[in-house]
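Comments concern the structure below.
For ligands, and for the atoms within them, numbers begin at 1 and follow the listed sequence. Position 1 is the first residue of the sequence; numbering continues from there. Note that these values count all heavy atoms, side chains included, but never hydrogens, waters or copies made by symmetry.
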Amino acid sequence: MKEKIQKYFKERFGTEGTLYASAGRINLIGEHTDYNGGFVFPGAIDKVIMAEIKPNGLKKVRVYSMDIDEYVEFGLNEEDAPTQGWARYVFGICREIQKRGGKVEGFDSVFAGDVPLGAGLSSSAALESCFAFALNDLFNDNSIDKFELARIGQSTEHNYCGVNCGIMDQFASVFGRKGNLMRLDCRSMEYEYFPFNPKDYRLVLVDSRVKHELKDSPYNKRRESCERVARRLGLETLRDATMEMLDGVRGDITAEDYFRAKFVIEEKDRVLAVCDALEAGDYDTVGRKMYETHRGLSKDYEVSCVELDFLNGVAKEMGVTGSRIMGGGFGGCTINLVRNDLHDAFVKEAVSRFEKEYGHEPRIYDVVISDGARRVKE
Ligand code: GLA
């Protein structure tokens with residue numbers, strides 16, 4: 001990927017820039033908890049977006065996406081926003097840095113990536129973090145701190161891409177560290193690295209390669225449900241809600257909102273239980289919690305789909321330790337905690353049964369927990 005980008009940059013711009021990369025992410029547990037002030041447990045992976053960048057002394061950005069094979073130019077004022085979805089991420093990062101008083105001048109860039117799109121691995125956060133990190137390095141002497149870089153990515157989603165996401169993906173992409181998962185408290189923003197290197201297990205992603213494009217931004221709708229219930233309880237977020245409190249207002253809220261909030265309250269506790277279990281080396285409990293999360297995401301939060309429920313069922317039947325849908329939902333991957341001795345048989349069975357049912361093979365990724373945003377060494 002590196003050579004491909006460098007070759008093209010040289011051809012297109014006749015010079016050489018600096019290379020940066022940032023990673024996609026997995027999340028062991030803690031889904032849809034970030035925007036509710038709860039805990040998440042992500043890690044960066046070895047799939048990245050990589051960009052070569054060089055200031056061009058002009059007042060415009062010239063950027064080429066190798067994977068989409070599209071070239072876009074835009075200025076740096078609000079009215080210069082490009083229409084292409086992928087370019088809006090880059091534009092948004094520039095604007096959000098400027099809004100915070102940071103400096104961004106014109107630059108040239110070529111980028112490519114191997115984070116699969118639409119698989120729930122946060123290719124968009126990888127793209128945002130790559131550019132946020134790079135522009136901080138190139139124009140701001142790295143004076144913007146890492147949390148702010150993550151927030152710049154998150155604000156880009158909110159203000160330029162229409163997704164009211166939480167902070168997990170950008171946090172993971174910026175803070176990721178090889179061999180470590182991270183537990184983040186999304187209210188206090190305190191975080192802790194957890195070395196994750198189980199001897200007898202590994203994490204495997206099964207990518208259904210389906211993405212259900214749903215109308216009316218269902219992600220934002222889930223968030224609105226949670227915010228409505230929090231308001232009804234007189235709380236800032238569901239972080240401080242309990243099932244007793246929720247049951248106390250059950251008659252005043254819709255059944256839909258009730259089940260959304262129920263999932264979030266339960267999921268919050270599951271993250272903490274998984275941390276304790278990990279520290280005790282108790283992977284059976286970790287896995288059981290993952291299955292509980294899947295059930296909640298499927299039945300209460302309703303962000304799963306038949307393909308992902310099917311893959312979860314296959315994992316369960318085969319005795320896989322833990323399995324659940326991962327990320328925002330409506331398609332993408334399941335994340336599976338699999339005993340080493342079951343790995344090959346599970347992968348074989350999941351691929352063949354899924355193919356038989358849905359007519360195409362899922363993709364398998366063995367998770368390698370890696371570093372987040374960085375300057376790529378020459
Ligand atoms: C998406 C969002 C995150 C998070 C997850 C669900 O990936 O970008 O902020 O809410 O969904 O856990």
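- A cation-pi contact, defined as under 6.0 Å to the ring centre and within 45° of the axis, is absent between K54 and F107.
- Criterion: ILVMFWY side-chain heavy atoms under 4.5 Å apart, direct or through other members. Under it, V303 and I335 are not part of a common hydrophobic cluster.
- Listed by chain and number, R25, E31, H32, D34, Y35, C165, G166, M168, D169, Y219, G327, G328 each place a non-hydrogen atom less than 4.0 angstrom from ligand 1.
- Within a 6.0 Å sphere centred on NZ of K4, other residues, nucleotides and ligands contribute more than 12 heavy atoms.
- I49 and M66 are members of different hydrophobic clusters when ILVMFWY side chains are connected at heavy-atom separations under 4.5 Å.
- Annotation: cation-pi geometry satisfied between R250 and Y258 (NZ/CZ under 6.0 angstrom from ring centroid, within 45° of ring axis).
- Checked against the 6.0 Å centroid threshold, Y64 and F13 do not count as a close aromatic pair.
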